[in-house]
Amino acid sequence: METNSKIYVAGHRGMVGSAIVRELGRQGYHNLVTRTHKELDLVNQQAVNDFFAAERPEYVFLAAAKVGGIEANRNALADFMYDNMMLEMNVINAAWRNGCRKLLFLGSSCIYPRMAPQPMTESCLLTSELEKTNEAYALAKISGLKYCEFLNRQYGTDYISVMPTNLYGPNDNYHPTHSHVLPALIRRFHEAKVTGAPEVVCWGDGSPLREFLYVDDLANLCVFLMNNYSGNETVNAGTGKELTIKELTEIVAETVGYSGEIRWDTSMPNGTPRKLLDVSKATRLGWSYSTELRDGIRLAYEDFLNNPMRAER
């Protein structure tokens, strides 16, 4: 990309999209195109086609998605599948039809099988069944990355995909039921500290292993890949490090300054037992993360405190 290339960031108000906008600005890219959901509904095919025909961006970062944690996913299976598949197909197809030079599609590590060998390599995609609690979202994301691959194979496009691990950081979603585990813990422990609650109840038994990547590190990788990678296979984005949910809760409680009891509700689901990405491909390409987990959680909590409206989303 040239610094004056016309770049469309889909989902620029979300955590990932806003991080990509920050990273592009930091690196000197200044000809950015964005639209809010009110200005452009990506599920509306005609609206998306009209937008691409009028703007004709040279590069597209597709970070828009309908997202949520375990509770949101299992209660809105049809909505998660339909909205994500429609917006992905609309954007990718319109980009191709209007001569987009390169597109980067953002997926999720939930595309990999529930019991995939650990750490999970890019090649384990579609080798066994998915985790049921987020199956609808995963199927939609698999469809998006496969559509990019098939366009490359059939029409010679240069569309790539990135599969990030669990993300966190500035502009995260802290909704009490629709957020992912780390922001949910930040909100829960903060509210417990403010109210003086003697205990905080967490779902499951704390045993699942998870990997977390600071969102600005992901944004840096996305710009790096747009400039340095072409290929049909996706690229994993993570740290290559993992910890238990129990260990994570203890770090969050310490960061927030909560000293009460942590109790585990084992009647609630754990989710996938382990999700660690093999990040050797990104490493071989010349990229590695820079933000350690404790530092990232501190920065995320500062963002939460400085932007109280985040908790209402």
Side-chain angles (χ1 to χ4, degrees), residues 14-16 18-19 65 67-75 108-110 131 133-134 137 164-218 238-239 241-277 289 291-313:
M15 178 174 63
V16 174
S18 61
V67 298
I70 291 176
E71 186 71 7
N73 270 274
R74 70 179 186 176
N75 288 339
S108 166
S109 60
C110 71
E131 162 63 32
T133 54
N134 53 26
Y137 183 72
T165 188
N166 299 287
L167 300 170
Y168 70 101
N171 206 23
D172 208 340
N173 172 15
Y174 296 92
H175 190 278
T177 58
H178 298 158
S179 58
H180 290 101
V181 59
L182 205 158
L185 289 172
I186 288 176
R187 174 174 180 157
R188 200 171 302 167
F189 281 113
H190 172 76
E191 291 179 345
K193 182 181 76 169
V194 170
T195 61
E199 68 173 19
V200 169
V201 178
C202 298
W203 284 13
D205 61 14
S207 65
L209 289 159
R210 291 290 182 271
E211 173 187 20
F212 295 90
L213 179 67
Y214 191 61
V215 71
D216 286 65
D217 287 347
L218 171 66
T239 64
K241 298 179 180 179
E242 62 186 343
L243 76 169
T244 66
I245 294 297
K246 182 176 185 296
E247 291 169 326
L248 176 69
T249 61
E250 291 168 353
I251 294 173
V252 173
E254 178 185 334
T255 302
V256 170
Y258 177 76
S259 56
E261 180 185 355
I262 301 173
R263 184 168 63 83
W264 295 93
D265 180 0
T266 55
S267 68
M268 301 304 289
N270 273 328
T272 306
R274 189 185 184 200
K275 284 205 304 183
L276 177 66
L277 293 181
Y289 79 100
T291 308
E292 296 296 346
L293 185 61
R294 285 182 180 272
D295 294 331
I297 291 176
R298 175 179 53 79
L299 293 169
Y301 184 48
E302 289 174 2
D303 177 70
F304 174 84
L305 293 175
N306 292 330
N307 298 276
M309 291 304 292
R310 300 237 198 279
E312 304 306 318
R313 296 211 307 245

Please name the pair of heavy atoms, one in [X] and one in [Y], separated by the smallest distance, quoted to 0.1 Å.
X    : Y    : result
S108 : Y137 : CB-CE2, 3.8 Å
Y214 : P170 : OH-CD, 3.3 Å
N134 : C110 : ND2-CB, 3.5 Å
G14  : N171 : O-ND2, 3.2 Å
C202 : I262 : SG-CG2, 4.0 Å
T165 : G238 : CG2-CA, 3.8 Å

Q | Pair H190 and Y301, ring centroids less than 6.0 Å apart | A | yes
Polar side-chain atom of [X] near backbone of [Y] as donor-acceptor pair, under 3.5 Å:
X    : Y    : value
N307 : D303 : yes
D172 : Y168 : no
E261 : P198 : no
Y258 : E199 : yes

Are side-chain heavy atoms of [X] and [Y] found at a separation under 4.5 Å?
X    : Y    : value
I251 : R294 : yes
P208 : K275 : no
R210 : I245 : yes
T255 : F189 : no
I297 : L248 : yes
K246 : W264 : yes
V256 : F304 : no

How far does [atom1] of [X] sit from [atom2] of [Y], to the nearest 0.5 angstrom?
X    : Y    : atom1 : atom2 : answer
L167 : E211 : CG    : CD    : 10.0 Å
E292 : R298 : CD    : CZ    : 12.0 Å
L299 : T291 : CG    : OG1   : 7.0 Å

Q: For Y289, check ring-ring contact (aromatic ring centres under 6.0 Å, His included) against everything at least two apart and list the hits.
A: none
Q.
For F212, give me all partners under ring-ring contact (aromatic ring centres under 6.0 Å, His included), at least two apart in sequence or on another chain.
A.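 F212 satisfies ring-ring contact (aromatic ring centres under 6.0 Å, His included) with no other residue.
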Q) Have D205 and N270 got a donor and an acceptor in their side chains that come within less than 3.5 Å? A)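 Short answer, yes.
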Q: Would you please test N166 and L182 for side chain to side chain contact (heavy atoms under 4.5 Å, CB included) and show each step?
A: CA-CA 9 Å; N166 299 287; L182 205 158; over 6 Å; no
Q: Give a yes or no on whether K193 atom NZ has more than 12 heavy-atom contacts from other residues, nucleotides or ligands under 6.0 Å away.
A: yes
